[in-house]
Every structure is written in C-alpha cells, then in structure tokens.
Amino acid sequence: MAEEPKKGDAVGSGVGGREAEEEQVVNPWEVTAKDGGKIDYDKLIEKFGCQRLEESLVRRVERLTGRPAHVFLRRGVFFAHRDFNEILDVYERGEKFYLYTGRGPSSEALHFGHLVPFMFTKYLQDAFKVPLVIQLTDDEKCMWKNLTVEESKRLARENAKDIIACGFDITRTFIFSDFNYVGGAFYENMVKVAKCVTFNKVVGIFGFTNEDHIGKISFPPVQAVPSFPSSFPHLFSGKDNLRCLIPCAIDQDPYFRMTRDVAPRIGYQKPALIESSFFPALQGETGKMSASDPNSAIYVTDSSKGIKNKVNRYAFSGGQDSIENHRKYGANLEVDIPVKYLGFFLEDDAELDHIRKEYGAGRMLTGEVKKRLIEVLSELVERHQRARAAVTDEMVDAFMAARPLPHMFS
C-alpha cells in the first residue's frame with residue numbers, strides 16, 4: 001500500500017520543495033533554515049513522516065550485534081528512521097539484508113560532513129556482516145553542477161578512493177558509478193519506477209521548476225532502484241525479497257519516500273532508512289559547508305597546520321567575550337561548534353561529558369576545547385590520508401568490478 005502523505009505534505013511543497021519563503025527548505029540540493037536559524041529536526045520528522053530513533057532501538061542493536069553502538073547512534077547523530085525496527089526483526093530471525101548508500105562526486109576531496117555516512121555504514125557492515133552497494137551519482141553531478149561527463153567520471157574514481165580508505169570489506173562491497181553501470185536489470189527497474197511517478201508528483205516532491213532541464217526530472221529513479229536487489233543480478237539473483245537498509249543524511253529522504261511509495265506497486269519490498277542530522281559548518285549551524293568556501297569545512301586533504309588554523313580562526317565559539325564573563329557565565333554549548341564537532345568524533349563519552357560540564361560552567365576556556373578538537377581531527381585526517389595513499393587504481397577497479405561477493409553473508 002502506498003504511504004499516505006503526512007499533514008503539511010501538500011503537492012505544491014511536497015517533501016523537498018518550498019512552502020512559504022520563510023519556512024525551512026530541506027531537499028537533496030538545498031538546506032536552508034527558517035530566518036537564518038537552526039534546522040528544526042522535530043518539524044522535519046513531522047513533515048517527512050519518518051520516525052524518531054528511540055533509545056530502545058539503539059539498545060536492541062547492541063544486543064543483536066554483541067558490540068557497543070556506534071558513537072553516531074548513541075549520541076543521536078543518526079536520529080530518524082523508516083522501518084529500521086523491521087530490519088532488526090529480519091536480522092533477529094536469522095535472515096539477512098543489504099546496505100545501500102552513495103555519494104554525489106562533485107569535488108576532488110571529501111570533507112568531514114561527507115565522511116559521516118560512510119563511517120557509520122562501515123560500522124553497520126562490520127556489525128551485521130552484510131553486503132553493501134555504494135552508488136556514485138556521477139550522472140547527477142554532471143547535470144546539476146554543469147560538469148562534463150569526463151570530469152564527473154574522474155571525480156567519481158577520486159571519491160571512490162576516499163570511500164575505500166574508510167575501510168570497507170572488499171568481499172562484501174560493490175561500488176558503482178552510474179555512467180558505467182546503468183543498464184540491464186538496473187535500467188528495467190528505473191523504467192518501472194518512472195512509470196509510477198507523474199510529473200506533478202515529482203515536482204511536488206522535489207520542487208522542480210519549468211526552468212529545470214528534463215535530465216533533472218528523470219533522475220530520481222536512478223537513485224531509487226539500488227533499493228531493489230533485482231537491480232544487481234550479479235549479487236542478489238533469486239533474492240528479490242531481500243530487504244535494504246539505507247544510511248543517509250535526512251536531506252536524501254525525498255528520494256526514498258518516493259521509492260517507498262512506488263515499491264509495493266511494482267512488487268518490491270520498501271527500503272528501510274536510518275537518517276542523520278547535518279554536520280555543521282565551522283562558522284556555525286546557521287552556516288552551510290560550501291565547496292566555494294574552503295574555510296567552512298575540514299577536508300580530508302587538510303594538513304595538521306591547516307586544521308589548526310581553520311579551527312582557531314573560523315570555528316564558531318559559544319564562549320563569552322572576556323575571560324571574566326566566561327568564568328562567570330560559562331559557554332553556550334548550544335551554539336559552540338568545537339563542542340559539536342567533538343560530539344561527532346571524540347570516542348570517549350566520559351571525556352566528552354567532562355568537557356561539556358567544565359566548559360559550560362566556565363572552568364574550561366575556548367582555547368582548551370579548540371586544542372582538543374584540533375588533536376582529534378588531526379589524528380582522524382592523518383589516519384585517513386595514510387589509508388587513502390594505499391588505495392591504488394587496481395583496488396578501485398576491484399571494488400567497482402561487477403562480480404559475485406564471496407563472503408557476502410558469511
């Protein structure tokens with residue numbers, strides 16, 4: 001049965017389009033908070049019709065996998081879901097599922113916001129021991145970013161090296177670019193999806209206008225069909241009822257709401273989703289990380305010196321304007337970017353709690369918090385750069401070869 005739109009999902013604004021200009025806009029190509037403020041995630045959950053990820057599900061993941069929940073789970077970075085409980089039901093019955101995530105390769109290097117879904121997907125693959133497909137939407141970026149086909153394909157391979165450097169298991173992972181893979185059963189599924197989505201519907205969901213070329217309007221089925229195992233006959237032949245779990249940021253939800261609406265109508269299972277909040281820009285949660293402003297984000301190509309400079313100069317602080325006032329009033333942790341970044345990447349819960357308590361009370365200064373963040377980020381980037389340097393073109397070819405995965409479910 002098709003999913004009913006939630007209240008507020010009028011066709012004119014849909015899942016990802018604009019309502020009134022003053023409302024927040026969240027879709028795969030634009031994220032804008034109301035009146036320059038913060039994204040209201042409770043309102044997003046209500047509007048999109050997904051569910052909040054409850055603590056009971058986090059505890060259940062720990063019980064089923066026999067390992068601690070990832071820091072992104074236990075601290076609420078991944079905060080919303082669609083049918084994640086059903087995926088856990090499947091796993092508890094001794095059955096399997098597969099993971100699907102992706103990347104739109106529009107830049108040479110990834111920043112930490114790009115890494116978040118891959119770091120979490122790596123944890124899911126290791127914890128549940130399941131196969132993974134990673135889509136590189138080089139065709140999408142060619143159309144949206146006005147890149148040439150050749151440049152889009154080149155960036156896809158460069159981004160694949162960063163993704164491989166996250167440590168994915170080659171015996172359980174298939175990476176593909178749309179330009180190289182789309183065809184056959186994958187394209188058949190695209191046509192099945194496209195026939196079920198009217199022009200009015202796609203405009204309502206994605207907010208397309210009369211000025212958008214038809215390539216954009218025809219793209220959503222491309223991102224939809226990796227949700228269906230029959231799109232990968234070399235991997236999942238005869239496993240058409242295999243469930244799919246998609247870890248992604250919540251701005252990708254419009255694609256998969258459309259997919260979940262269509263899936264039962266063409267005889268397929270609905271994909272499940274587990275969705276993250278947005279990684280904030282250095283300048284604050286009202287800012288947006290932008291490739292045109294390299295100082296808005298920490299990139300995996302940054303040097304330790306560059307990271308130190310960016311954090312010290314650009315990371316928005318919730319500390320007071322003088323040491324005297326800071327000691328008296330403490331830091332505003334709600335707006336402090338160094339604390340928020342540590343919430344993503346500092347593994348030690350006790351240390352993070354200590355920093356929040358001391359900094360919030362004014363006993364710890366901004367410089368001390370930034371110093372700790374610089375250490376954490378520098379270590380992560382150095383580790384990633386070592387792993388990235390070890391990725392050869394032959395390794396990329398091996399991950400992107402359409403082949404059976406020998407240890408897919410073992």
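Reckoned from all heavy atoms, side chains included, excluding hydrogens, waters and symmetry mates. The residues of the chain are indexed from 1 along the displayed sequence. Being a predicted model, the structure only gives us computed values, none of them experimental.
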Within the structure provided, determine whether Ser276 and Ile250 are in side-chain contact (heavy-atom separation under 4.5 Å). no

Indicate yes or no for a side-chain donor-acceptor contact from Arg383 to the backbone of Val381 under 3.5 Å, with no hydrogens or angles considered. no

Checking the side chain of Asp83 only, and the main-chain atoms of Glu86 only, is there a donor and an acceptor separated by less than 3.5 Å? no

For the side chain to side chain contact (heavy atoms under 4.5 Å, CB included) test, which of Ser227, Ser230, Cys244 pairs with Tyr268? Ser230

Pair Tyr100-Gln135, side chain to side chain donor-acceptor pair (under 3.5 Å): steps then yes or no: CA-CA 8 Å; Tyr100 156 40; Gln135 180 181 43; 2.8 Å; yes

For Gly319 and Thr366, the nearest pair of non-hydrogen atoms, with its separation, is CA-OG1, 3.7 Å

Taking ring-ring contact (aromatic ring centres under 6.0 Å, His included) as the criterion, tell me which of Phe219, Phe199, Trp144, Tyr255 meets it with Phe206. Tyr255

Kindly indicate, with the supporting measurements, whether the criterion side chain to side chain contact (heavy atoms under 4.5 Å, CB included) is fulfilled by Glu379 and His384. CA-CA 9 Å; Glu379 182 182 343; His384 182 89; over 6 Å; no

Would you say the rings of Phe97 and Phe128 are close, in the sense that their centroids are separated by under 6.0 Å? yes

Taking all non-hydrogen atoms of both residues into account, name the closest pair between Pro247 and Thr121 and its distance. CG-OG1, 3.4 Å

Does the side chain of Phe118 come within less than 4.5 Å of Ile134's, by heavy atoms? yes

Please state whether the rings of Phe174 and His234 are parallel, tilted or perpendicular, taking 30° and 60° as the class boundaries. perpendicular

Between Met364, Arg363, Gln320, which is the residue that forms a side chain to side chain contact (heavy atoms under 4.5 Å, CB included) with His326? Gln320

Is there a donor-acceptor contact under 3.5 Å from the side chain of Arg75 to the main chain of Gly343? yes

Run Asp89 and Arg93 through side chain to side chain contact (heavy atoms under 4.5 Å, CB included) and show every step you take. CA-CA 6 Å; Asp89 292 343; Arg93 291 197 300 265; 3.9 Å; yes

Would you indicate whether the side-chain heavy atoms of Phe228 and Ile266 approach each other to under 4.5 Å? yes

Does Asp126 come within less than 4.0 Å of Arg67, counting only side-chain N to carboxylate O? no

Look at the rings of Phe236 and Phe232 and say which category their plane angle falls in: under 30° parallel, 30 to 60° tilted, over 60° perpendicular. perpendicular

Please confirm whether the backbone N or O of Cys196 pairs with a side-chain atom of Arg265, one donor and one acceptor, at under 3.5 Å? yes

Got Ile246 and Ile274 here, is their nearest side-chain heavy-atom distance under 4.5 Å? no

Passing candidate, side chain to side chain contact (heavy atoms under 4.5 Å, CB included) with His81, options Ile45, Leu57, Leu273, Ile87: Leu57

Can you confirm whether Leu245 sits close enough to Phe84 that some side-chain heavy atom of one is under 4.5 Å from a side-chain heavy atom of the other? yes

Flag the pair Val133 / Leu99 as yes when at least one side-chain heavy-atom distance between them is below 4.5 Å, and no otherwise. no

Any donor and acceptor pair, going by atom type alone, linking the side chain of Gln125 with main-chain N or O of Lys122 inside 3.5 Å? no

Is there a donor-acceptor pair closer than 3.5 Å between any side-chain N or O of Lys370 and the backbone N or O of Val311? yes

Would you indicate whether Asp353, at its atom CG, is surrounded by more than 12 heavy atoms from other residues, nucleotides or ligands within a distance under 6.0 Å? yes

Is a side-chain donor or acceptor of Thr137 paired with a backbone partner of Glu140 at a separation under 3.5 angstrom? no

List the atom of Asp251, the atom of Pro254, and the distance in Å for their closest heavy-atom pair. O-CD, 3.2 Å

If only atom types and distance count, is the side chain of Asp138 paired as donor or acceptor with the main-chain N or O of Asp178 below 3.5 Å? yes

Would you say the side chains of Gln252 and Glu275 form a donor-acceptor pair under 3.5 Å? no

Phe279-Tyr341 aromatic ring centre distance below 6.0 Å: yes

Salt bridge (charged side-chain N to carboxylate O under 4.0 Å, His left out) involving Lys340 - partner list, sequence neighbours excluded: Glu285

Candidate pair Lys43 and Gln24, rule side chain to side chain contact (heavy atoms under 4.5 Å, CB included), full reasoning: CA-CA 9 Å; Lys43 190 170 287 186; Gln24 63 184 10; 4.1 Å; yes

Kindly check if the number of other-residue, nucleotide or ligand heavy atoms within 6.0 Å of NZ (Lys308) is above 12? no

Can you tell me if Ser218 uses its side chain to pair, donor with acceptor, with the backbone of Gly215 under 3.5 Å? yes

Would you check if there is a donor-acceptor pair between the side chains of Glu211 and Thr209 at a distance under 3.5 Å? no

Are Phe168 and Phe399 close enough that their ring centers fall under 6.0 Å? no

Run the numbers on Tyr123 and Phe72 for ring pair (Phe, Tyr, Trp, His ring centres under 6.0 Å), then give the verdict. CA-CA 10 Å; Tyr123 154 78; Phe72 294 164; 9.3 Å; no

Can you confirm whether Lys145 is buried at NZ, in the sense that more than 12 heavy atoms of other residues, nucleotides or ligands lie under 6.0 Å from that atom? no

With the side chain counted from C-beta on, respond yes when Leu155 and Glu108 share a heavy-atom pair under 4.5 Å apart, and no when they do not. yes

Does atom CD1 (Ile323) have a neighbourhood of more than 12 heavy atoms from anything else shown, all under 6.0 Å? no

Quick one: do Lys129 and Asp169 satisfy salt bridge (Lys or Arg N to Asp or Glu O under 4.0 Å)? Show the steps, please. CA-CA 10 Å; Lys129 296 180 171 56; Asp169 181 350; over 6 Å; no

From CA spacing to verdict: side chain to side chain donor-acceptor pair (under 3.5 Å), Asn325, Asp321: CA-CA 7 Å; Asn325 282 340; Asp321 56 3; 3.1 Å; yes

Keeping Arg327 on the side-chain end and Gly362 on the backbone end, is there a donor-acceptor pair under 3.5 Å? yes

In terms of relative ring orientation, are Phe120 and Phe78 parallel, tilted or perpendicular, with 30° and 60° separating the classes? parallel

Can you tell me if Glu334 has over 12 outside heavy atoms packed within less than 6.0 Å of its CD? no

Report yes if some heavy atom in the side chain of Met258 is under 4.5 Å from a heavy atom in the side chain of Val197; otherwise report no. yes

Should the pair Lys371-Glu375 be classified as a salt bridge under the 4.0 Å nitrogen-to-oxygen rule? yes

Checking salt bridge (Lys or Arg N to Asp or Glu O under 4.0 Å) for the pair Lys161/Asp393: CA distance, chi angles, key distance, verdict? CA-CA 8 Å; Lys161 293 176 183 178; Asp393 284 327; 3.2 Å; yes

Pairing donors with acceptors under 3.5 angstrom, does anything connect the side chains of Ser304 and Glu382? yes

Checking Phe48 against Arg257 for the side chain to side chain contact (heavy atoms under 4.5 Å, CB included) test, could you report, in this order, the C-alpha distance in whole Å, the side-chain angles of both residues, the deciding distance, and whether it holds? CA-CA 8 Å; Phe48 284 7; Arg257 171 145 178 219; 5.9 Å; no

Please report whether the ring centroid of Phe176 lies less than 6.0 Å from that of Phe186. yes

